[in-house]
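Since the structure comes first, as C-alpha cells, the remarks are kept for the end.
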Amino acid sequence: MSSQTPMLEQYKKIKKEYPDSILFFRLGDFYEMFYEDAKIASRVLGIALTSRNKSKKNPIPLCGVPHHSAEPYLAKLLKEGHKVAICEQVDDPKPAKGVVRRKVVRVFSPGVVLDSEHLDSKSNNYLASIYLGGDPLSNRDQESVYGLAYADISTGLFRTTSLDSLDALADEISRIEPKELLLQEEVSQDDSLLSSIIRKAELLITPLNSWIWDRESARELLLDHLSTRTLEPYGLEENPEATVACSSLVQYLKDTQLEDMPLLNDPHLYQKSDFLIIDDSTKRNLEILQPIRGDSSEGSLIWVIDETRTAMGARLIKEWLNYPLIEKQKIEERLDSVAEFKIKTSLSLELESALKEIGDIERLIGRISTSSGRPRDLASIRDSSHFITKIRDALGDADSRILKEIGRTIDNFSDVKKMIEGTIVENPPASGRDGGIIRDGFNAELDGLKSIRRDGKKWIAKLEANERESTGIGSLKVSYNRVFGYYIEVSKINLNSVPERYIRKQTLVNAERFITDNLKEYEEKILGAEDRIIDIERELFDEIRKRVANEAERIRRTSSLIAQVDVLCAFSRASEKNDYVRPIITDDKVIELKNNRHPVIERMRLGERFVPNNIKLDPNENQFLIITGPNMAGKSTLIRQVALTILMAQIGCFVPASYAKIGIADKIFSRVGASDNLARGQSTFMVEMVETAYILRHSTEKSLVILDEIGRGTSTFDGMSIAWAVAESLHDKGCRTLFATHYHELAGLALSKSRTKNYNIYVKNSGDNIVFLRKLVPGAASHSYGIHVAKLAGVPEPVIKSARKILSNLEKSQSELRNSILGGQTSLFKQVDENKMQEEHPIVTEIRELDVNSMTPLDALTKLAEVKKTLEKT
Ligand code: ADP
Ligand code: MG
C-alpha cells in the first residue's frame, strides 16, 4: 500500500485545485474517481462503487470508467449539472519510475460542452455571464446598468447586451435559458439577490474570483482575445458592463479549456428593445417552445411550425421565436421569402431535398477546431459542400431580397471540400486513433509502409506454404495474435515432424506454437510498420484538421445562411400545410383577424372541428375587450390564439387566419389567474399580483396584453376589485388587451370606459343542456352555466339536481340581498344591473365554492359566523 501513497498525494493535490469538479483521474486505461466524487459518480452513472484499502480501517471509495469510452459517462454527469475535470498522464507510463506526472487538461461543465453527439441538436447550449457592477451588493438605483454575455461554444454564437434593471436582466436570462451562469462571488452569496435574477432552479451557478470582474483588466483581456486595439467596432467601448461580462466568459473558457480553446465568434452587441419582448411567464403560458405539461415540444407552437430539415435551422427557429422582430421592413423581408417559396413549389422541394443532406456543419467545425475533431467530421463537411452548391444554384434566380442575397453570397467552400477529398478516405473511421484515415497517394512514406503491410500478408502466406512443404505437416498454420505475435502452430500428433530450428513459444491442449528466426525478424518489421502507419496517419490527420479549422469562419458564415434558408422554407411549408395567410404588417395599432384559429389546438384533432373567429382590436373603440362566457366556452383558447398569431407574424411566418392585418406589438404579456394556472400548482395569489404589477409597470401603448381569469386567487370581492382596477389601468394606458374572465360583472366596465367592448363566446342553452358554439359575439355573457358544465363533465344526476335547487335558492336570496345592499347608490353592481346583467353576490359565490365535505362542524359554524358578520357590516 505504501507504494500507492504518493499517487494519492498527487490526487489530493490536484483535486484541491478543482474542488467543485468531479476529477477524472487517469490511471492506465481508466479514469478513476475517489472519495465523494466516486460516490456521486457511481450514483449518477449507475456504476459499481468499490474501494481501495479494503482491508484497512479507512477504505477509500473508488469507481472508474474506461478512458476510451468515457464520453457517454462524461455527458451524463454534465447533464446532471456536474463539472468534470479531466486529468491525464503527462509522461508515457511505461518506463515510469515512481509516480507518473499528471495534469488537468480540460474542465467541462454544463455550459461548456463541445461534443455535438451529446448535445440536443435542436437546441443551443448556453453559457452566460452577468456583471452587476463594481459593488454588486450596493443599493441599486435607477442609473444601474448590468452586463450580460452568453455563448454557445459548440456553435460559436457569442452575444452581449446591457440591461437597466434586475427585472430586465432576469427576463433576459429566462429567455436564454443558459445551462450555466457565471457571476461575481459576492452575488452568489446573496440569496435574495440571486433569487431576483434567477427564476429557474436547474441552472449551474459558477462564481468567479473578483479579479476577473475588474473593469480595466477585463477590457484588456477582451482586446487581447479579439486581437484588436479598440472595442469600438463591437460597440463595446460605450458598454463597459457588457465588456466585463464578455471578458469574464472568455476568461472562464480559457481557464477551463486551456490548450483547446473553442472557436468563438466575435461578440455581437444587441439591444433587448430591438426585438419583441416576451417575458418568461408569457413564453410559458403561450406554450411557445414547450407545452405547460410535458417535456417534449408536442403541443407547442414550435411543434406546429418547425418544418426545418437541418439542425442549424432547428436552432435558428427557436432563436427567432425567442427574438421576434419589431421592424416592419425586416418582417416584410422574411414574409417575402416565405411567399416566394410558397409560390415556387419546385424551388422549395429542391431546397428541401438538399437541406436534408447537410450535416450540422456549425457544430462540426466547432469540434474540428479543437483536438476533439474526428475523421468523420471532416467527411461530413466535405459531403455537405456538395449540397450547399445545390442550394446556391437553386437560389440563383430567387426574387426576394434575402434569398437572392444568400444565393449570391453563400460560400460553398469547394476548396475545402477538394482538400478533404484529396486527403481523407471516402468513409473514414469514427476515431482518429487507429489509422485507416488517409487516402493512398497523399503521402509517400505512408504508402511505402502500407505496401510493406500488404506484402507482409503475402509473405506470411508464402512462408506457410514453404513450411508445410519442408516439414510435410499439411495442417501447419502461421497465425498472429496480439499477445504472442506471429507463430507457427503444429498440432500434437505432428510434433515429431517439427524441425530443430523451431523455437517453442507456447503449449496448448492440442497443439504447440513455435517461432523461427526469420518469422521473428519479419514480425518486427511489420509491427514496426503498423505502429508507424498509425503515427503518421494521426499526424497527417491533425494537420488536415487544422487546415480545415483555419476556414472555420467561412464555414460558420455559410452555416448561418443555410439555417436562414431552412427556417424560411420551413415557414412556407408550415403555411402550406396548415393553410396560413400572409399577414399585412402595419405600424399602427390595429389588429384585424378574420377566421382566426389557434395554431396548435386546431392541429390537436380533439374530435371537434375548430371554429374560427373574427377579432378586431384598435386604439379607438376596441382597445380593451372583455371576453366572458362559461367555463369551457373557449375564452382561454381565443385570447391565446390572438397572441400567437401576432407572434407568428412578427417572426415572419404566415398566420392561421383567412385575413390578418397586424399592427406591430413591442411586447406581449400573458397572465393566467392563479387558480387557473395548472403549471404551478402551488402558485399563490401573491405570484399573480406580482405578475400583474409587472405588466402595469412595463406595458406600453404598443403592447398586447392577454389576461386570463386574473383575480381568482383570492376571495371574490378582492379578486373582482383587483381585476377591475387592473382593467381600468390597462385601459387608460392604451394597451391592446384581451381580458377573459368569468366575472361577468366586469362587463360593467364597458359603461365607463369608452374604448372597452364586451364580447362573449356564445353558448346555446336548450333546456338543461348547453351547446358550445365557440363563436365570439358582441355583448357580455349572462350566465356562468357552472351546473351545465358540471353535467357535461359527468357529475351524477342527483347531485346536479340538488345543485340546481341550491342555486335557485341562492339566486332568490341573492336578489333580495342585492336590493338591500345597493339601495340607490351608483356602484359597481348598479352599473352591472343597468347593463341587464345577472350576477351573484360574492357571499353566494363563496358559499358555492365551499367544499362542505372537507369541513368539520366547527369550521362550518365559524364560516357561518363570518358570513353573518360580513352581512351586518354591509
Ligand atoms: P375557457 O377558457 O372558456 O374555459 P378553453 O379556451 O379552455 O375554455 O376551451 C375549452 C376547450 O374547448 C379547449 O380545450 C378546446 O379543445 C375547445 N375549444 C376552444 N375553442 C375552440 C374553437 N374555437 N373550436 C373548437 N374547439 C375549441
Ligand atoms: Mg380558461
Side-chain angles (χ1 to χ4, degrees), residues 281-282 284-287 291-294 298-301 303-304 578-580 593-615 625-645 655-658 660 670-681 683 688 691 705-713 719 723 737-747 758-765 769-777 779-795 849:
S281 2
T282 306
R284 257 181 298 113
N285 288 341
L286 292 181
E287 309 188 293
I292 286 176
R293 274 169 291 182
E298 187 167 340
S300 65
L301 178 61
W303 171 69
V304 177
N578 301 305
D579 200 17
Y580 295 162
L593 306 174
K594 292 194 179 136
N595 294 310
N596 181 219
R597 291 116 46 200
H598 190 296
V600 181
I601 294 186
E602 75 166 343
R603 283 280 305 275
M604 300 282 245
R605 311 206 189 291
L606 297 173
E608 184 182 345
R609 199 180 60 84
F610 195 90
V611 180
N613 269 303
N614 302 338
I615 297 108
L625 309 189
I626 295 173
I627 297 165
T628 43
N631 253 320
M632 289 299 288
K635 304 181 294 297
S636 302
T637 306
L638 181 89
I639 62 176
R640 279 174 177 74
Q641 81 192 35
V642 174
L644 287 171
T645 301
V655 298
S658 63
S670 153
R671 290 297 182 272
V672 182
S675 61
D676 230 30
N677 192 343
L678 299 162
R680 299 198 244 164
S683 184
E688 187 183 322
E691 294 195 335
V705 179
I706 66 170
L707 297 175
D708 199 352
E709 310 280 12
I710 286 295
R712 266 170 63 156
T737 306
L738 293 165
F739 194 147
T741 178
H742 78 305
Y743 290 133
H744 43 255
E745 293 85 349
L746 278 176
N758 283 316
Y759 285 89
N760 74 88
I761 300 190
Y762 190 59
V763 180
K764 208 164 91 184
N765 191 356
N769 289 312
I770 49 169
V771 183
F772 294 116
L773 293 181
R774 312 277 182 223
K775 269 291 173 198
L776 187 68
V777 294
S782 54
H783 268 78
S784 313
Y785 295 100
I787 294 175
H788 296 82
V789 175
K791 189 179 170 196
L792 274 183
V795 173
E849 286 169 0

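Counting convention: from 1, in listed order, for ligands and their atoms alike.
When V672, L638, T637 are ranked by how near their heavy atoms come to atom 6 (O) of ligand 1, first place goes to T637.
The nearest pair of heavy atoms linking L301 to L644 is CD2-CD2, 3.9 Å. Nearest approach of N578 to R597, heavy atoms of both residues: O-NH2, 2.8 Å. Closest non-hydrogen pair, P291 versus G299, comes out as CB-O, 4.0 Å. Closest approach of V611 and K775 over heavy atoms only: CG1-CE, 3.8 Å. Scanning both residues, P599 and Y580, for their nearest heavy atoms gives CB-OH, 3.9 Å. Taking every heavy atom of both residues into account, P630 and I761 meet most closely at CD-O, 4.3 Å.
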How far apart are the C-alpha atoms of N595 and N613, what are their side-chain angles, what is the distance that settles it, and do they pass the side-chain contact (heavy atoms from CB on, under 4.5 Å) test? CA-CA 5 Å; N595 294 310; N613 269 303; over 6 Å; no
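For ligand 1, the polar-atom distance check finds an N/O of M632 within less than 3.5 Å of one of the ligand's N/O atoms. Any N or O atom pair closer than 3.5 Å counts here, and G634 shares at least one such pair with ligand 1. Considering backbone and side-chain N/O atoms, N613 never comes within less than 3.5 Å of an N/O atom of ligand 1.
At a heavy-atom distance under 4.0 Å, only backbone atoms of R609 (N, CA, C or O) approach ligand 1.
The N631 neighbourhood of ligand 1 comprises atoms 4 (O), with distances under 4.0 Å to a heavy atom of that residue. Each of the atoms 3 (O) of ligand 1 lies under 4.0 Å from some heavy atom of P630.
A heavy-atom separation below 4.0 Å is found between A633 and ligand 1.
Residue side and main chain included, S636 places an N/O/S atom under 2.8 Å of the Mg ion (ligand 2).
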